[in-house]
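Worksheet: one structure, shown below.
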Amino acid sequence: MIAFMLFLGACSANRHEITEPLPKPGKWLDPETNIRFTIVQKGDRIVVTEAKDMDDREDLVIVNSNYELGVLSWSYYIPSTKFTVVCRTLEYTENTIDFKWNNGILKGTETLRRVN
């Protein structure tokens with residue numbers, strides 16, 4: 001049992017529950033959808049301010065973005081499909097952000113990769 005707990009501790013050493021104003025500001029890409037998000041810091045808050053589909057260059061509309069108790073959540077509207085996607089961070093590393101999403105019909109998890 002102790003060995004298992006040490007193994008879990010070693011595995012989680014590089015991944016963190018979001019408990020501070022992270023993820024870092026910058027550009028983040030979802031390689032599955034090729035959507036790039038811009039995250040900025042406004043005062044002591046982290047917010048998503050922009051989303052762009054890099055395949056067809058469509059600008060997506062950020063409906064809201066909130067940072068509370070260490071969790072970043074945001075939603076964005078895709079004009080071409082008329083879907084609104086709701087996202088919520090799960091955990092992060094310095095260069096990745098795991099998040100869950102839901103568009104009212106489908107849901108899942110994705111990983112954003114830092115691109116700058």
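Partners of Asn64 according to the side chain to side chain donor-acceptor pair (under 3.5 Å) rule, which considers only residues two or more places apart in sequence or in another chain, are Ser75. Qualifying side-chain contact (heavy atoms from CB on, under 4.5 Å) partners for Phe83, counting only residues two or more places apart in sequence or in other chains: Thr81, Asn103, Ile105. Listed by chain and number, the residues in a ring pair (Phe, Tyr, Trp, His ring centres under 6.0 Å) with Phe99 are Trp74 (sequence neighbours excluded). Checked against side-chain contact (heavy atoms from CB on, under 4.5 Å), Thr49 has the following partners two or more places apart in sequence or in another chain: Thr38, Val40, Lys42, Val47.
In the model, Asn66 has a side-chain atom that pairs as donor or acceptor with a side-chain atom of Arg45 under 3.5 Å.
Remark: side-chain polar atoms of Thr89 are paired, donor with acceptor, to backbone N or O of Leu72 under 3.5 angstrom. Ser65 contributes a side-chain N or O that, together with a main-chain N or O of Val48, makes up a donor-acceptor pair within less than 3.5 Å. Without hydrogens or angle criteria, Arg113 side chain to Thr96 main chain gives no donor-acceptor distance under 3.5 Å.
Note on Glu94 versus Arg114: no salt bridge recorded, every NZ/NE/NH1/NH2 to OD/OE distance being 4.0 Å or above.
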- Message: Under the criterion side chain to side chain contact (heavy atoms under 4.5 Å, CB included), I'd like the reasoning laid out for Val85 against Ile78: C-alpha separation, chi angles, the key distance, then a yes or no.
- Response: CA-CA 8 Å; Val85 182; Ile78 306 170; 4.0 Å; yes
- Should Arg88 and Val71 be marked as a side chain to side chain contact (heavy atoms under 4.5 Å, CB included) after you check the CA-CA gap, both sets of side-chain angles, and the distance that decides it? CA-CA 7 Å; Arg88 180 179 171 91; Val71 176; 3.7 Å; yes
- Could you go step by step and tell me if Ile97 and Ile39 meet the side chain to side chain contact (heavy atoms under 4.5 Å, CB included) rule? CA-CA 11 Å; Ile97 301 169; Ile39 298 173; 3.9 Å; yes
- Evaluate the side chain to side chain contact (heavy atoms under 4.5 Å, CB included) criterion for residues Tyr77 and Leu60: first the C-alpha distance (whole Å), next the side-chain angles of each, then the deciding distance (0.1 Å), finally the verdict. CA-CA 6 Å; Tyr77 176 74; Leu60 311 179; over 6 Å; no
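Residues Asp98 and Tyr92 are not in side-chain contact: their nearest non-hydrogen atoms beyond the backbone lie 4.5 Å or more apart.
Checked options Ile35, Thr33, Leu29; the residue passing with Met54 is Leu29 (criterion: side chain to side chain contact (heavy atoms under 4.5 Å, CB included)).
Counting only residues at least two apart or in different chains, salt bridge (Lys or Arg N to Asp or Glu O under 4.0 Å) contacts with residues 25-36 comprise Lys27-Glu50, Arg36-Glu50. The salt bridge (Lys or Arg N to Asp or Glu O under 4.0 Å) pairs that include a residue from residues 52-76 are Lys52-Asp59, where partners are two or more places apart or lie in different chains.
Once rounded to the nearest 0.5 Å, the distance linking OG1 of Thr111 with CH2 of Trp28 reads 11.0 Å.
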